[in-house]
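The figures that follow rest on heavy atoms only: side chains count, while hydrogens, waters and symmetry mates do not. Within every chain, numbering begins at 1; the chains are lettered A, B, ... in the order of the sequence lines, protein sequences first and strands thereafter.
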There are 2 protein chains.
Amino acid sequence: MLKDSGSKITHNVAQNLRRVRGERKLSLDGASQLTGVSKAMLGQIERGESSPTIATLWKIATGLQCSFSSFLGNTATTHENSQESSQETSNDTSALQPQVELIADPNMQVLTLFPFDPLTSFEVFELVLSHHHEQHSTAHQAGVTERIHVISGVLSVMQNGQWETLKAGEQCVLAADKAHAYRDDAGETRFMAIIHYPQ
Amino acid sequence: MLKDSGSKITHNVAQNLRRVRGERKLSLDGASQLTGVSKAMLGQIERGESSPTIATLWKIATGLQCSFSSFLGNTATTHENSQESSQETSNDTSALQPQVELIADPNMQVLTLFPFDPLTSFEVFELVLSHHHEQHSTAHQAGVTERIHVISGVLSVMQNGQWETLKAGEQCVLAADKAHAYRDDAGETRFMAIIHYPQ
DNA sequence: TAGCTTTGTGCGTTATAACGCACAACATTT
DNA sequence: AAATGTTGTGCGTTATAACGCACAAAGCTA
């Protein structure tokens with residue numbers, strides 16, 4: 001009668017241990033001596049008949065001088081002998097959409113990441129400014145907010161006549177019902193804009 | 001009579017589990033329901049009286065939605081993060097806000113780009129998955145949508161039991177009211193998530 | 001061939017991981 | 001106070017991880 005060997009993680013540990021031991025050309029006896037875990041237990045783990053405790057897997061890892069996590073990953077990445085058949089790459093269904101590109105200006109590229117959706121009331125763009133281009137935007141309708149997240153480069157944002165500088169990883173929120181502007185201050189600046197419309 | 005509680009790794013797991021459960025404000029009963037592990041066992045593990053099997057630690061990790069390896073590290077490295085108050089970081093004025101970091105897992109970094117705002121009904125995170133970490137997410141309330149935009153790396157997204165692969169620059173929309181999951185397939189994957197709540 | 005290692009697996013026993021249940025301490029309510 | 005609910009821990013039982021030992025198959029030596 002098999003135990004809980006069906007567990008996915010147990011199977012991974014089994015394959016990894018067998019692989020490591022094979023690479024070092026160690027016998028169960030040798031591995032047992034290095035790790036302090038009985039060879040019977042090591043054999044059961046390799047066969048997937050036993051799910052070791054973290055304490056014993058720790059003894060195995062330190063004894064064999066490899067990291068704990070090296071036993072957890074799927075062996076499919078390192079070796080190509082898995083029969084799990086969980087390689088699914090269905091490309092249809094209502095999910096992935098390629099980005100749509102909108103031209104606007106030679107020094108300003110606009111990619112529509114998520115078009116406007118009345119259910120969410122926002123749209124998302126990714127903008128790339130280059131050559132220190134300064135883009136001015138007129139006031140939109142009241143209540144419209146704009147969230148800026150700088151991906152790379154340096155972006156200066158103007159609002160209420162004041163300029164602020166955002167580095168990569170920084171963001172700001174501005175009310176788009178006033179005049180505002182952006183400027184690339186790094187030669188090329190990439191940032192994301194989430195524009196939300198009220199109600 | 002004490003068991004093998006002296007093991008260093010067991011003690012680490014104990015502290016990490018207690019910390020994570022405390023951060024989520026979960027009771028042993030609640031954690032037991034999420035993970036499928038009895039609350040008595042969870043209590044013993046937290047007290048260092050038991051060295052869990054990798055199978056059960058896997059159930060704990062997936063149930064609490066953090067990676068296996070997050071329980072192995074020493075808690076001394078994780079600093080105190082007091083994130084109790086619902087402070088809004090002054091969303092008025094166009095002041096730039098530095099990104100707020102939320103710790104969750106060594107293999108999953110979460111940056112809050114824009115915290116939830118009742119006026120817009122969405123929040124924006126930037127997530128970095130590493131080491132082929134697979135992050136599972138349970139079903140949220142009905143009507144919640146999640147927009148994913150891959151910045152770098154390769155992200156596999158599971159919905160309705162089907163996996164789809166997104167490369168850098170691609171995006172997808174998924175209904176978050178069903179169980180879904182993400183997985184890093186490039187060693188390190190950076191992507192943005194916009195979560196929108198209805199009404 | 002026989003005799004001696006080395007390899008991995010099977011078996012019986014012990015230690016303990018994991019479970020369900022019950023109880024005590026504390027908080028909240030009536 | 002009494003009643004009710006929640007939280008964490010202790011206890012008895014079951015499942016199984018881990019051990020030591022023994023055995024069978026393969027390999028090497030003489």
Q. Quick one: do the H149(A) and E126(B) side chains pair a donor with an acceptor below 3.5 Å?
A. yes
Q: For residues E188(B) and R190(B), report the shortest heavy-atom separation together with the two atoms involved.
A: OE2-NH2, 4.1 Å
Q: Starting from P on dA17(D), measure out to CH2 on W58(A) and report it in whole angstrom.
A: 21 Å
Q: Please determine, for the side chain of L28(B), which listed nucleotide (dA17(C), dG8(D), dT9(C)) has the closest atom?
A: dG8(D)
Q: Would you indicate what G36(A) reaches in the nucleic acid, counting non-hydrogen atoms under 4.0 angstrom: base, sugar-phosphate, or nothing?
A: sugar-phosphate
Q: Can you figure out which of dA17(C), dT7(C), dA18(C) approaches the side chain of D29(A) most closely?
A: dT7(C)
**Q.** Among dG20(D), dC19(C), dA18(D), the one nearest A40(B) by side-chain distance
**A.** dC19(C)
Q) What's the closest nucleotide to the E49(B) side chain, out of dC19(C), dG10(D), dG8(C)? A) dG10(D)
Q) For the side chain of S27(B), counting heavy atoms from C-beta on, which of dG8(D), dA18(D), dG8(C) is nearest? A) dG8(D)
Q | M41(B) side chain, from C-beta outward: closest of dA18(D), dA18(C), dC19(D) | A | dA18(C)
Q: Can you see which heavy atom on D185(B) is nearest to which on S156(B), and at what distance?
A: OD2-OG, 2.6 Å
Q. Looking at S51(A), does any N or O in its side chain come under 4.0 Å of the phosphate oxygens OP1/OP2 on dA17(D)?
A. no
(Q) With a 4.0 Å cutoff (strictly under), does any side-chain N or O of T56(B) reach OP1 or OP2 of dA18(C)? (A) yes
**Q.** Options dG8(C), dG8(D), dA17(D), nucleotide nearest the side-chain atoms of S50(A)
**A.** dA17(D)
Q | Side-chain N or O of R47(A) closer than 4.0 Å to phosphate OP1/OP2 of dG8(C) | A | no
Q. Are R21(B) and dG8(D) close enough that a side-chain N or O sits under 4.0 Å from OP1 or OP2?
A. yes
(Q) Nearest whole Å is fine: how far is dG20(C) C1' from L42(B) CG? (A) 14 Å
**Q.** Shortest side-chain distance from V37(B), nucleotide among dC19(D), dC19(C), dA22(D)
**A.** dC19(C)
Q. Which nucleotide in the list dT9(C), dC19(C), dA18(D) gets nearest to the side chain of R18(A)?
A. dT9(C)
Q: Could you please name the option among dC19(C), dC19(D), dG8(C) that lies closest to any side-chain atom of S38(A)?
A: dC19(D)
(Q) Measure CD1/I54(B) against P/dA17(D) and give the value in whole Å, please. (A) 10 Å
Q: Take atom CD of E46(B) and atom P of dT9(D), then tell me their distance rounded to the nearest Å.
A: 7 Å
Q: Return the minimal non-hydrogen interatomic distance between F191(A) and V150(A), and the atom names on each side.
A: CB-CA, 3.8 Å
